[in-house]
Amino acid sequence: MKPNFRHEINGKKLATAIAQDYKTNEILMLAFIDEEAFNKTMETKKAHYYSTSRDAIWFKGEESGHIQSVKEILFDCDKDAVIFRIEQIGGACHTGHYSCFYQKLSEDGRELEDIGKQVFNPDEIYKE
């Protein structure tokens with residue numbers, strides 16, 4: 001079984017992938033996958049995604065060491081989105097936060113409030 005890669009970005013057929021902590025159910029990130037990224041994820045049990053900005057497959061944690069071990073894969077009813085239920089090693093977000101969803105909109109809708117936990121210093125990992 002494979003996802004329905006029906007979403008098209010820059011001519012590339014993709015499906016949506018959500019990374020969810022398999023123990024806490026916290027949503028950690030959202031990304032895209034193409035067929036190659038899905039196949040590599042299935043083969044290795046480590047999350048692989050498709051970067052629309054780089055037009056390339058990326059192994060989550062290849063640079064940072066903060067990998068995602070895939071424990072289970074859920075499909076939505078249309079099969080065009082999956083949830084990778086994962087064990088996150090380190091942080092999921094390139095900002096150093098455990099989750100990419102670390103900002104909450106204020107009640108008046110004017111500001112974002114940091115509510116997430118920063119688990120690493122990105123300047124120490126992503127050196128240019």
Side-chain angles (χ1 to χ4, degrees):
M1 175 59 65
K2 293 187 181 191
N4 177 359
F5 301 102
R6 69 181 180 129
H7 303 294
E8 190 170 323
I9 298 176
N10 299 328
K12 189 77 173 174
K13 295 289 192 174
L14 305 169
T16 306
I18 298 166
Q20 179 183 42
D21 186 297
Y22 83 107
K23 287 183 181 174
T24 67
N25 293 324
E26 181 177 4
I27 301 298
L28 303 181
M29 57 178 274
L30 177 126
F32 293 102
I33 54 171
D34 66 356
E35 189 166 356
E36 182 182 358
F38 181 77
N39 290 341
K40 286 184 177 201
T41 298
M42 292 293 292
E43 290 167 14
T44 64
K45 302 299 185 213
K46 307 286 187 234
H48 289 73
Y49 298 101
Y50 178 80
S51 170
T52 58
S53 61
R54 292 179 292 210
D55 190 26
I57 302 294
W58 55 285
F59 166 51
K60 178 66 176 159
E62 183 173 21
E63 190 174 344
S64 68
H66 298 172
I67 63 169
Q68 295 176 340
S69 295
V70 178
K71 303 297 185 183
E72 183 175 46
I73 300 174
L74 306 177
F75 282 73
D76 79 331
C77 58
D78 296 325
K79 297 181 185 55
D80 61 354
V82 297
I83 297 175
F84 291 157
R85 293 188 35 83
I86 54 109
E87 177 182 8
Q88 178 67 53
I89 308 301
C93 187
H94 72 280
T95 65
H97 291 83
Y98 184 68
S99 169
C100 292
F101 298 96
Y102 63 90
Q103 298 178 10
K104 175 182 162 183
L105 187 61
S106 64
E107 286 188 34
D108 64 10
R110 295 182 183 181
E111 298 178 308
L112 292 174
E113 171 190 354
D114 281 2
I115 58 168
K117 168 174 74 169
Q118 193 160 29
V119 295
F120 70 94
N121 181 345
D123 294 334
E124 293 175 0
I125 291 178
Y126 305 113
K127 298 175 183 171
E128 305 235 7

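Looking only at distances, a side-chain donor or acceptor of S99 sits under 3.5 Å from a matching main-chain atom of I27. Using a distance-only test at 3.5 Å, with no hydrogens or angles considered, a donor-acceptor pair links the side chain of D108 to the main chain of R110. With hydrogens and angles disregarded, no donor-acceptor distance shorter than 3.5 Å links the side chain of Q68 to the backbone of K46. Checking side-chain atoms of S106 against main-chain N and O of E111 turns up a donor-acceptor pair under 3.5 Å. When atom types are taken as modelled, the side chain of D76 and the backbone of A81 share a donor-acceptor pair closer than 3.5 angstrom. Looking only at distances, a side-chain donor or acceptor of K60 sits under 3.5 Å from a matching main-chain atom of A92.
Checking H97 against T95 by side-chain atom types alone, a donor-acceptor pair falls below 3.5 Å.
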**Request:** Show your reasoning for whether side chain to side chain donor-acceptor pair (under 3.5 Å) applies to Y98 and D21.
**Result:** CA-CA 10 Å; Y98 184 68; D21 186 297; 2.3 Å; yes
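Residues N10 and D55 are not in side-chain contact: their nearest non-hydrogen atoms beyond the backbone lie 4.5 Å or more apart.
Using a cut-off of 4.0 Å between Lys/Arg side-chain N and Asp/Glu carboxylate O, K12 and E8 are scored as not salt-bridged.
Between F38 and F84, the ring planes are parallel. Angles under 30° get that label, and only those over 60° would be called perpendicular.
By the neighbour-count criterion of 12 heavy atoms within 6.0 Å, atom NZ of K13 is densely surrounded, having more than that number from other residues, nucleotides or ligands. Within 6.0 Å of NE2 in H94 there are 12 or fewer heavy atoms belonging to other residues, nucleotides or ligands. The 12-atom threshold is not exceeded at CD of E107, counting heavy atoms of other residues, nucleotides or ligands nearer than 6.0 Å.
When all heavy atoms of Y126 and S64 are compared, the closest pair comes out as OH-CB, 3.4 Å. Across all non-hydrogen atoms, the minimal contact from Q88 to I67 is NE2-O, 3.5 Å.
Both M42 and M1 belong to a single network of hydrophobic side chains, linked directly or stepwise wherever heavy atoms of I, L, V, M, F, W or Y lie under 4.5 Å apart.
Of the candidates V70, N25, I18, R85 forms a side chain to side chain contact (heavy atoms under 4.5 Å, CB included) with just one, namely N25.
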